[in-house]
Number of protein chains: 2
Amino acid sequence: MADGRGGPGNAGEGDKGGGEGRGAGGFLPPSVEAAWGLRERPSKGPKPGLTLDRIVDTAVRVAAAEGLDAVSMGRIAKELGVSTMSLYRYVGAKRELYILMQDVATGAPPPLPAPGADWREALEQWAGAMREVYHRNLWMLRIPLSGPPATPNTVAWWEWAMVALADSGLDEGTKVSVVMLLGGFVRNEALMMADLAAVIAASGDAPEEVLSRYGQTLRRLADPERFPAVARMLDSGVMDEQDEPDHEFRFGLERILDGIAPLVEAAK
Amino acid sequence: MADGRGGPGNAGEGDKGGGEGRGAGGFLPPSVEAAWGLRERPSKGPKPGLTLDRIVDTAVRVAAAEGLDAVSMGRIAKELGVSTMSLYRYVGAKRELYILMQDVATGAPPPLPAPGADWREALEQWAGAMREVYHRNLWMLRIPLSGPPATPNTVAWWEWAMVALADSGLDEGTKVSVVMLLGGFVRNEALMMADLAAVIAASGDAPEEVLSRYGQTLRRLADPERFPAVARMLDSGVMDEQDEPDHEFRFGLERILDGIAPLVEAAK
DNA sequence: ACAGTAACGCGTATGTCATACGCAGTAAGA
DNA sequence: TCTTACTGCGTATGACATACGCGTTACTGT
C-alpha cells in the first residue's frame, strides 16, 4: 500500500545458494529493497501470481485482527489461497515479512512541520502521531526490532523528526541522539501500556480492579520492613486511583523535552 | 539463588482444573508466589526430585551461554536429567519460567543510597547498575515483559529507586512516573544497543564498517530530494564516526534527569 | 521457431516446540 | 492398612519455520 512496491524476484538467496545475493551492493534483504521500489523485473519465468504488497497487506490484516501470533506463514498463505512455500519466493524469511509489515503499518508520517515551526511543538506532534501508530497497531510492539530503520516509511518518519530539529542549532549527531531518545521513549511507553492492557483484558475484570488487586497482592508479598518506600507508595493509594490513559506519556514526553530544551537554548 | 525459594507444589492449575488456584488470595501464578518464599509444603506425595531454584538457575545458565532461543522446556529438562513434562510440576507455563529467570538474573540491587544522598546521583547510579544487569544478561531483553513487576528482586530495585527519591519532595504518583520513565529508558536503550550489537555480530564485520555500510545503503535508497534532512545527516558523517558505546545512554540519562530536576526544585 | 534457462508454485519432509492427558509409583495421614 | 495427594514421565497433538527438489512456465538468444 505504501509506495509502489515492485514485483518479486526470488527473495531468498537464489535457488541454489550462489553468491551473496546483494542486489545493488547493499546489505539489505531483497524484499526490503523491493519495498523501496527497486527490484528489476525478473522477466524470465512464469508470471508471479502474488505480489509482495498483497502478502504484506494480508499479514497486517491478520495481525490487526488476531494479533501477531496469528501471523504464520501457513496462515497468510491460506488467506491468499496459495501454498505456504510460495511465500518464500517473495520473502526470504519470516523476519523479513515482519519488517515489511512494520513499514506498511507505520505508514506515511503527517505533513511536515511548517518551516520555522517551534521544534518543541513539532516533536510533541511527532511523538503523539507515532504513539497513535503504535496504539492502532499494537502487534508491532511484539516484533523484536532488528537493526536500524531501513524501510521507506520508517525513514520518512525519521526525516520528519530531523526536519523538526532543522533550525534547532544542534549538530547532526545530537539530533540523531534526540530522535532516538524520543522514539525509544514513545515505543517503550506504548509497549508498557499495551502490556498492561493485555493483562487487564486477560483478567476479564475492570481495569481499576486489576490495578488495585495488583497493589493488594504486592502489599501482601512485599514486607513493609524490607521495602518501606514501596510500601509507602502502595499505601498512598496511587495504585487505586487511575488517571487518564495518556498521563504517563505526557509526563515522560514533557520531561524529555524539558531536558532537551537547554541544549537547544545553548546552541542558539 | 535469590531468597530461599520453597519447594514446588503443582504450579499448574491442579491436576484436573479445580477452582482458581489462587494460593492466598493473590492473582499471581503459584510459581511466582514460590519465588517470594511462600508455598506451603505439600507434605503428601513423594519427595520432589527438583526445586524451582534448580530449574530456573539452569534456564538462566543456558540463556546466558546460548541465548534465549536455546531455552526450551525440553532443553532445560535434559540439562537436569529429567523428562520435559516434569518441569510442569514446578512451573505452570514457559512464561512463568521466563518471569522467574528475569528475577534471578536481575539479582539484588546495589546497597541502598545513603540517607540524604543526592537524588540525581542516586538515580544515575541506579540506572547505570540496571544497565549493567541488562548488558550482562542480554537475553532478558528478548523476553516480552508481562505486567507490572511482581518478583522479589524486581521489587527490590523499585524500592531502591523510591528510596533515592524519598527526600525529593515529589508526591508518590510522580515518583512512580519518574521511576517508570527512567526504567523504561534504560531498558529501551539496552535493547537497541543489544540489537545493534547482534546485527554487527551477525554480519561478521567490524562495527564501524557495518555502520558505515548502513549509512551508504541508506544514502543510496533514500532520495535526498525526498529526505533532505536525513541526507544531510548521512552526509555529515555521523554514521561513520563511532563514539563510546555508552554515549547514547549518558545522553538520554542526562536529558531525562535534566527534565526531572525542575520538578524536584519546585517541590522543595 | 526452437532450445535453454530462470523463475514460478508447491508437495513433501524435517526438526523443533509447548503442552494436554493419563498412568503408575510413592509416601504421608487416616 | 488404606486412602489420597502428589510425584515423574511416556505418549500424543498440533503448530510452526523452512530446506529441498520437482514439474511447469514463459522469456531470451539463436
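Source: prediction; values computed, not measured. The sequence lines fix the lettering, A, B, ..., with proteins before strands; numbering per chain opens at 1.
Distance, B:Arg89 CZ to C:dG25 P: 16 Å, rounded to whole Å. For the pair A:Ile76 CD1 and C:dC10 P, the interatomic distance rounds to 16 Å; values are reported in whole Å. The interatomic distance linking B:Lys78 (NZ) with D:dG10 (P) rounds to 12 Å, in whole Å. The distance between atom CG of B:Asp69 and atom P of C:dT16, rounded to the nearest whole Å, is 14 Å. In this structure, the CG atom of A:Leu97 is 12 Å from the C1' atom of D:dA17, given to the nearest Å.
Taking 4.5 Å as the limit, some side-chain heavy atom of B:Trp158 sits within range of a side-chain heavy atom of B:Met180. Within the 4.5 Å cutoff, side-chain heavy atoms of B:Asp205 are placed close to those of B:Arg213.
For B:Glu96 and B:Ser31, the side-chain atoms include at least one donor-acceptor pair closer than 3.5 Å.
Separating the OH atom in B:Tyr214 from the CZ atom in B:Arg219 is a distance of 11.5 Å, to the nearest 0.5 Å. One finds the CE atom of B:Met140 at 3.5 Å from the OG1 atom of B:Thr106 (value rounded to the nearest 0.5 Å). Distance check, rounded to the nearest 0.5 Å: NZ of A:Lys78 to OG1 of A:Thr84 gives 8.0 Å.
Paired with A:Leu97 under the rule side-chain contact (heavy atoms from CB on, under 4.5 Å), one option of A:Leu87, A:Leu52, A:Val91 passes, and it is A:Val91.
Electrostatic pairing of A:Arg61 and A:Glu66 does not count as a salt bridge here, judged by no charged N lying under 4.0 Å from a carboxylate O. Look at B:Asp195 and B:Arg142 and you find a salt bridge, because one of the NZ, NE, NH1 or NH2 atoms lies within 4.0 Å of a carboxylate O, short of that distance. Salt-bridge check for A:Glu159 with B:Arg226: failed, with every basic side-chain N at 4.0 Å or more from each acidic carboxylate O.
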Close N/O contacts between protein and nucleotides 13-15 of chain C (under 3.5 Å):
none

Report each atom pair, protein N/O against N/O of nucleotides 27-30 of chain C, whose distance is under 3.5 angstrom.
unit_1, atom_1, unit_2, atom_2, d
C:dA28, O4', B:Lys44, O, 3.3
C:dA28, O3', B:Ser43, O, 3.3

Please list each protein N or O that sits under 3.5 Å from an N or O in nucleotides 18-21 of chain C, with the distance.
unit_1, atom_1, unit_2, atom_2, d
C:dA18, OP1, B:Lys94, NZ, 2.6
C:dA18, OP2, B:Met73, N, 2.8
C:dT19, OP2, B:Tyr88, OH, 2.9
C:dT19, OP2, B:Lys94, N, 3.1

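Within the 4.0 Å cut-off from OP1 or OP2 of D:dG8, not a single side-chain nitrogen or oxygen of B:Ser83 is found.
A donor-acceptor pair under 3.5 Å links the side-chain atoms of A:Trp157 to the main chain of A:Gly107, judged by distance alone.
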